[in-house]
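Fair warning: this is a prediction, and the values are worked out from it, not measured in the lab.
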Amino acid sequence: MIPYADFTYFGLLLYVVLPTLVLGFLGRANWRWALLLTAIVLFIQYQTKQKIGAQTELREIWLVVAFGIWQWTTMRAYAATVARKGLFFYIAIGLSIFPLALAKVIPVLLPQHELGFLGISYVTFRALDLIFCLRDKIITAPKLADYFGFLFFFPTISAGPIDRYRRFATDWRKKRNRFEFVSDLDGAVHRVFRGFFYKFILAALIKHYWLDRAGSETSVLALISYMYAYSFYLFFDFAGYSAFAIAFSYLLGIRTPENFDRPFLARNIRDFWNRWHITLSFWFRDHVYMRFLLAARRGQWIANRHATAIAGYFLSFGLMGLWHGLEPHFILYGIYQATLLSGFHILSEWNKVRRWPTNHPLWRAGAVFITFHFVCFGLLIFSGRIGAPPEFDYAGAIEQADCDEISGWAVDRHWPNSPLSIDLYDKNEFVTTIVADQFREDLAEAGFGDGRHLFRVQTPAQFKDGRPHLVTIVATGMKKRITPTPRTLVCPEGG
């Protein structure tokens, strides 16, 4: 279950909201209630099974539990050390990152295997924040309930915003009276409406009428159109998600920081990163960039302070690219952003002498326009769309699955007059390839091109072993299922 992705999840949240409203008006919606809700929601949310071995599957919730135990043990062991700098600090950082590294590397080395859960990247940064704070001796080791409340706080677990422990802890233990609860409720309601408007109206319209159509073509003009569409879609979708996450945080008394502040009005790339995914960029600024600058200057690693700043940009955004994933376009995105920031740094230093009229209205408008286009091109790199084949929009169904025949239909909506090649799967195991190219009149009447999208195949022998099988179809060469809900097939052995 993906948080805030559909109305099923919001239906689940009704069971969170209603009792919280009652307890809030009574002044009882405290950290214990938030911790209980977090445990319940996580248990429901992480029920998907992950394939962690050739014949082994494990529900995500157990990966979440194992991750929590690992991070708690690491934090407590580090907190118990007398010397928190040097070797022990780097060991603690390495141990905290280790589960995330496994989650990133295993799918690359062992396709169709996973050892992570939705939100592991964000939760890892919260765990690291505690290690950094313990090193700097600005906090004491948190209690178990406080630690897990911070690490797995359910409104923000899947994609942030990334809170800091020192800020979170002040809200977590604070007792709210009725008036404070009503104030938080007002903030929550406003953000819920903003989230629905951004994610389910603006982002959905952009995707349906602009992004999907641009992605189905291969021309240069289509790629440029895709760049703008993807930039706006990503903002409204992600900002909508963040609004929901912050809203439900407020409801539980946690004033999670905002994550976006009109980023497309930024006047330069540094200003952009003060407005876009704010909690992530500030996390890298404080825990990577500034620490690198201080260490480099104290150790005199680089003589020139400007070269030190530029090296810090490449270190920070190189790590940010890797944090998003090991795919080349993520790494290139990090390098691109570091290059832009380095160029702006050099230009800013040069302008201290030249003193261009940067506060003139026309200059500001031009700066916003130029920055916007540099940002959009960066997001195009991030999308992985450059050099990629056309995107597809599939529809179809398995209409019959018995011991004699498996049949149904499948079509790519962008190419409704072309037959579609599909792969038949027994759960995650490939069985055979079929071409959906037979005519069916009702498909033509429904607007699916020439109507030649029917497929029919004799039930393969491997299904006839007396055991249940989950039958799915996938477009050949793609990972996206055409039928999100598999059909269960049980045939007698040799039947």
Side-chain angles (χ1 to χ4, degrees), residues 2-10 118 158-161 190-247 258-266 269 272-273 275-278 280-281 324-325 327 329-330 333 336-337 368-395 411-416 447 475 478-482 484:
I2 301 176
Y4 316 113
D6 54 39
F7 292 101
T8 301
Y9 189 79
F10 286 96
L118 181 64
S158 60
H190 279 82
R191 287 170 176 82
V192 165
F193 278 103
R194 186 203 307 165
F196 275 112
F197 180 62
Y198 278 11
K199 185 174 179 64
F200 292 107
I201 297 178
L202 294 179
L205 289 172
I206 291 170
K207 185 177 188 304
H208 183 75
Y209 290 104
W210 188 3
L211 184 66
D212 288 346
R213 295 183 182 184
S216 67
E217 301 177 13
T218 56
S219 67
V220 174
L221 288 178
L223 184 64
I224 294 173
S225 178
Y226 185 92
M227 177 182 76
Y228 293 120
Y230 182 78
S231 298
F232 285 115
Y233 168 76
L234 184 63
F235 167 69
F236 285 117
D237 185 71
F238 197 7
Y241 160 84
S242 295
F244 288 134
I246 296 170
E258 296 290 342
N259 222 13
F260 294 91
D261 180 18
R262 300 167 295 173
F264 295 142
L265 296 180
I269 192 63
F272 171 77
W273 281 107
R275 296 166 173 263
W276 176 274
H277 210 335
I278 298 169
L280 176 67
S281 62
H324 280 104
E327 291 82 354
H329 60 273
F330 289 135
Y333 174 75
Y336 174 80
Q337 294 295 336
V368 170
F369 180 81
I370 293 170
T371 301
F372 171 73
H373 284 83
F374 274 115
V375 164
C376 288
F377 185 72
L379 294 176
L380 178 64
I381 296 172
F382 180 83
S383 73
R385 187 80 199 113
I386 299 176
E391 293 184 346
F392 301 96
D393 184 13
Y394 302 116
V411 60
D412 176 7
R413 288 191 178 98
H414 294 310
W415 305 95
M478 302 291 172
K479 296 181 179 180
K480 184 178 178 182
R481 286 180 178 177
I482 297 174

Tell me, with the steps shown, if Leu379 and Tyr333 meet side-chain contact (heavy atoms from CB on, under 4.5 Å). CA-CA 8 Å; Leu379 294 176; Tyr333 174 75; 4.1 Å; yes

Go through Phe374 and Phe272 one step at a time and tell me if the side-chain contact (heavy atoms from CB on, under 4.5 Å) criterion holds. CA-CA 10 Å; Phe374 274 115; Phe272 171 77; over 6 Å; no

Please test Phe382 against Tyr336 for side-chain contact (heavy atoms from CB on, under 4.5 Å), starting from the C-alpha separation and ending with a verdict. CA-CA 10 Å; Phe382 180 83; Tyr336 174 80; over 6 Å; no

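Using a 4.5 Å heavy-atom cutoff, the side chains of Ser383 and Leu234 are not in contact.
Residues Leu223 and Leu380 come closest through the heavy atom pair CD1-CD1, 4.0 Å. Taking all atoms of both residues into account, the shortest heavy-atom contact from Glu217 to Ala222 is CB-CB, 3.7 Å. Of all the heavy atoms in Ile278 and Glu258, the pair that sits closest is CB-O, 4.0 Å. In this structure, Gly378 and Gln337 approach most closely via the heavy-atom pair CA-NE2, 4.3 Å. Listed here is the closest heavy atom pair of Pro3 and Leu118: CD-CD2, 3.6 Å. In terms of heavy atoms, Val192 sits closest to Ala247 at CG2-CB, 3.6 Å.
Counting non-hydrogen atoms of other residues, nucleotides and ligands closer than 6.0 Å to NE2 of His190 gives a total of 12 or fewer. In the displayed structure, Phe330 atom CZ is contacted under 6.0 Å by more than 12 heavy atoms of other residues, nucleotides or ligands. Shown here is Ile2, whose CD1 atom has no more than 12 heavy atoms of other residues, nucleotides or ligands within 6.0 Å. The local environment of CZ in Phe200 is crowded, with over 12 non-hydrogen atoms from other residues, nucleotides or ligands closer than 6.0 Å.
Of the candidates Trp273, Tyr241, Phe236, Trp276, Phe260 forms a ring-ring contact (aromatic ring centres under 6.0 Å, His included) with just one, namely Trp276. Results of the ring-ring contact (aromatic ring centres under 6.0 Å, His included) test with Phe244 over Phe197, Tyr4, Tyr198 single out Tyr4 as the only residue that passes.
In this structure, the separation between CZ on Phe235 and OG on Ser242 is 9.5 Å, given to the nearest 0.5 Å. Rounded to the nearest 0.5 angstrom, Ile206 CD1 and Ser231 OG are separated by 10.0 Å. From Lys207, atom NZ reaches atom CG of Asp212 across 3.5 Å, with rounding to the nearest 0.5 Å. Taken from CD1 in Ile246 to CZ in Arg194, the straight-line distance is 7.0 Å, to the nearest 0.5 Å.
The ring of Phe377 has its center no closer than 6.0 angstrom to the ring center of His373.
Judged by distance alone, with hydrogens and angles left aside, the side-chain atoms of Ser225 form no donor-acceptor pair with the main-chain N or O of Leu221 at under 3.5 Å. Using a distance-only test at 3.5 Å, with no hydrogens or angles considered, no donor-acceptor pair links the side chain of Asp237 to the main chain of Gly240.
In this pair, Phe10 and Phe196 present their aromatic rings tilted. The plane angle is within the 30 to 60° band.
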